[in-house]
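Take a look at the structure set out below.
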Amino acid sequence: MDLQLRGKTALVSGSTAGIGFAIARLLANEGAGVIINGRTQKGVDKAVAITSLAAAKAAKSQGRPPPAVLGFAGDLSQADAAEALIKKHRNIDILINNLGIFEPKPFEQIPDADWRRFFEVNVLSGVRLARLALPRMRKKNWGRIIFISSESGVQIPAEMVHYGVTKTAQIAVARGLAETLTGTGITVNSILPGPTRSRGVNDFVDDLAKSQGKTLEEIERDFFKEMRPSSIIKRFATPEEVANLVVFAASQLSSAITGAALRVDGGVIRAIV
């Protein structure tokens with residue numbers, strides 16, 4: 001299937017590892033130009049090199065020129081970094097707001113500073129980038145804005161309420177922004193992954209396995225038995241499984257999908273709508 005992404009330029013925030021990296025690679029393999037973002041130049045350079053090589057191979061097999069794969073090192077939860085990126089890369093057709101943090105912590109132990117930090121990184125970073133990228137999209141009357149939310153935005157996890165609240169906020173922002181763009185060629189959606197083997201989750205699972213003297217398989221089994229019992233697949237999704245849905249939502253073929261919260265949650269959310 002041709003997703004008609006050639007000639008488009010996508011920014012994926014927080015894309016040197018995990019879900020963001022998988023999204024960036026798949027976009028590039030589909031022929032879109034990609035801007036990879038991370039906090040360190042070393043991490044960005046490594047991700048750019050891997051993505052460029054894979055995209056070049058895909059392009060060669062399809063008989064087309066390889067897309068541009070660029071990098072931007074900076075903390076996009078900060079206004080000055082976001083403004084610098086947009087100033088350098090003005091022609092963004094697709095914005096994937098993937099930057100995010102999570103941390104299990106009992107509610108009583110979450111201070112105001114953590115609430116502000118989570119909102120700044122998980123919510124305001126995407127709001128700000130959307131605001132900065134929109135004028136160009138409006139001028140072209142085409143664009144895709146996608147917020148990588150979570151099933152935790154629907155079923156707030158007791159072990160990290162602050163994280164769940166920010167994911168709910170992303171869903172609301174995406175819907176509200178879609179409403180403001182009624183009648184245009186710009187779509188806005190949120191994606192709700194379930195538990196996924198991102199870098200942060202891998203580190204979390206590894207630490208649990210070491211501290212409890214269990215295997216990774218035992219930790220995964222116990223997690224879905226005790227923490228996410230409604231999961232149907234009973235395993236962590238891969239970043240690539242999430243990226244498949246994100247890239248479709250970013251494509252020309254998804255033009256009738258907007259204002260939606262699209263689930264790739266392994267069946268964790270029990271609601272049927």
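The analysis underlying the following values was restricted to heavy atoms, covering all of them including side chains, and did not include hydrogens, waters or symmetry mates.
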Taking T166 for the side chain and V123 for the main chain, is one N or O donor matched with an acceptor at less than 3.5 Å? no

I'd like to check P66 versus K57 (side-chain heavy atoms, cut-off strictly below 4.5 Å). Are they in contact? no

Give the table of side-chain donor-acceptor pairs shorter than 3.5 Å for residues 237-245, with sequence neighbours excluded, one pair per line with atom names and distance.
unit_1: T238; atom_1: OG1; unit_2: E241; atom_2: N; d: 3.1
unit_1: T238; atom_1: OG1; unit_2: E241; atom_2: OE1; d: 3.4
unit_1: E240; atom_1: OE2; unit_2: R25; atom_2: NH2; d: 2.8
unit_1: E241; atom_1: OE1; unit_2: R235; atom_2: NH1; d: 3.2
unit_1: E241; atom_1: OE1; unit_2: T238; atom_2: N; d: 2.9
unit_1: E241; atom_1: OE2; unit_2: R235; atom_2: NH2; d: 2.9
unit_1: N244; atom_1: ND2; unit_2: E240; atom_2: O; d: 3.3

Do N37 and V12 come within less than 4.5 Å of each other through their side chains, counting heavy atoms only? no

Side chain to side chain contact (heavy atoms under 4.5 Å, CB included) between F248 and L3, intermediate numbers included: CA-CA 7 Å; F248 173 76; L3 296 181; 4.2 Å; yes

What residues join V161 in its hydrophobic cluster, counting side-chain heavy atom gaps under 4.5 Å, either direct or through other members? F107, I110, W115, I156, V165

Are more than 12 heavy atoms, taken from residues, nucleotides or ligands other than K234, located less than 6.0 Å from that residue's NZ atom? yes

Report the distance from atom CG of L27 to atom CD1 of I96, rounding to the nearest 0.5 Å. 6.0 Å

Heavy-atom check, side chain of N141 versus side chain of T184, under 4.5 Å: yes

Side-chain donor/acceptor of S255 to backbone N/O of L253, under 3.5 Å: no

Assigning hydrophobic clusters by single linkage (Ile, Leu, Val, Met, Phe, Trp, Tyr; side-chain heavy-atom cutoff under 4.5 Å), is V48 placed with L70? no

Sorted by first residue and then second, give each side chain to side chain donor-acceptor pair (under 3.5 Å) pair with at least one member in residues 84-102; sequence neighbours left out. N91-R136, N91-K140, D93-K140

Linking directly or through intermediates, with side-chain heavy atoms under 4.5 Å: list the remaining ILVMFWY members grouped with L53, chain and number order. none

Residue pairs passing the ring pair (Phe, Tyr, Trp, His ring centres under 6.0 Å) test with at least one member in residues 141-176, sequence neighbours excluded, are F118-H162

Test item: S198 side-chain N/O and G18 main-chain N/O as donor-acceptor pair under 3.5 Å: no

Minimum heavy-atom separation for I23 and I148, please, with both atom names. CD1-CD1, 4.2 Å

Under the rule for salt bridge (Lys or Arg N to Asp or Glu O under 4.0 Å), what residues qualify as partners of D222, not counting sequence neighbours? K214

Close side-chain approach of K46 and T16, heavy atoms under 4.5 Å: no

Test side chain to side chain contact (heavy atoms under 4.5 Å, CB included) applied to L129 and S13, step by step: CA-CA 9 Å; L129 286 169; S13 67; 4.3 Å; yes

Any side-chain heavy atom of T196 within less than 4.5 Å of one from V201? no

Output the distance between atom CD (Q155) and atom CG (L192), rounded to the nearest 0.5 Å. 10.0 Å

Common cluster, I50/I35, ILVMFWY with side-chain heavy-atom separation under 4.5 Å: no

Nearest-0.5 Å distance, CG of residue L181 to OG1 of residue T187: 9.0 Å

Test item: T168 and V154 side chains (from C-beta on) under 4.5 Å apart, heavy atoms: no

With no hydrogens and no angle check, is any side-chain donor or acceptor of Q170 less than 3.5 Å from a backbone partner on N122? yes

Is there a side-chain contact between L177 and L134 (heavy atoms, below 4.5 Å)? yes

Please determine whether residues I269 and I232 belong to a single hydrophobic cluster, defined as Ile, Leu, Val, Met, Phe, Trp and Tyr linked transitively by side-chain heavy-atom distances below 4.5 Å. no

Is there a path of hydrophobic side-chain contacts, each under 4.5 Å between heavy atoms of I/L/V/M/F/W/Y residues, joining I146 to I36? yes

If you look at every heavy atom in A178 and V188, which pair is closest and at what distance? CB-O, 3.8 Å

Output every pair passing salt bridge (Lys or Arg N to Asp or Glu O under 4.0 Å) with a member in residues 182-208, not counting sequence neighbours, ordered by first then second residue. R197-E220

Using atom types as modelled and distance alone, determine if a side-chain donor or acceptor of S61 lies under 3.5 Å from a backbone N or O of A58. yes

Criterion side chain to side chain contact (heavy atoms under 4.5 Å, CB included) on N189 and I257, from CA distance to verdict: CA-CA 8 Å; N189 295 290; I257 302 173; 3.7 Å; yes

Shortest non-hydrogen contact from A47 toward S15: CB-O, 4.3 Å

Under the criterion side chain to side chain contact (heavy atoms under 4.5 Å, CB included), I'd like the reasoning laid out for L99 against S125: C-alpha separation, chi angles, the key distance, then a yes or no. CA-CA 8 Å; L99 179 62; S125 65; 4.1 Å; yes

Going only through I, L, V, M, F, W and Y residues with side-chain contacts under 4.5 Å, is there a path from V69 to L26? yes

As an exercise, state the distance from NZ of K225 to CZ of R221, rounded to the nearest 0.5 Å. 7.0 Å

Measure from the side-chain N and O atoms of R144 to the backbone N and O of L95, and report whether any donor-acceptor pair falls under 3.5 Å. no

What residue pairs, at least two apart or across chains, pass salt bridge (Lys or Arg N to Asp or Glu O under 4.0 Å) with a residue in residues 113-126? E103-R117, K105-D114, D114-R117, E120-R128

Mind listing the closest non-hydrogen atom pair of L5 and S251 along with its distance? CD2-CA, 3.9 Å

Per the salt bridge (Lys or Arg N to Asp or Glu O under 4.0 Å) rule, what does the pair list look like for residues 153-181, sequence neighbours excluded? E159-R228, R175-E179

ring-ring contact (aromatic ring centres under 6.0 Å, His included) involving F224 - partner list, sequence neighbours excluded: F236

Contacts of type ring-ring contact (aromatic ring centres under 6.0 Å, His included), residue F21, not counting sequence neighbours: none

Residue pairs, two or more places apart or on separate chains, that pass salt bridge (Lys or Arg N to Asp or Glu O under 4.0 Å) and touch residues 64-77: R39-D75

S150 OG to I191 CD1 distance, which is reported to the nearest 0.5 Å: 12.0 Å

Closest non-hydrogen contact found for I171 with A261 is CG2-CB, 4.2 Å

Are side-chain heavy atoms of L85 and I92 found at a separation under 4.5 Å? yes

In terms of heavy-atom contacts, S254 and A249 come closest through OG-O, 2.7 Å

CZ of R138 to CD1 of I186: how many Å apart, nearest 0.5 Å? 6.0 Å

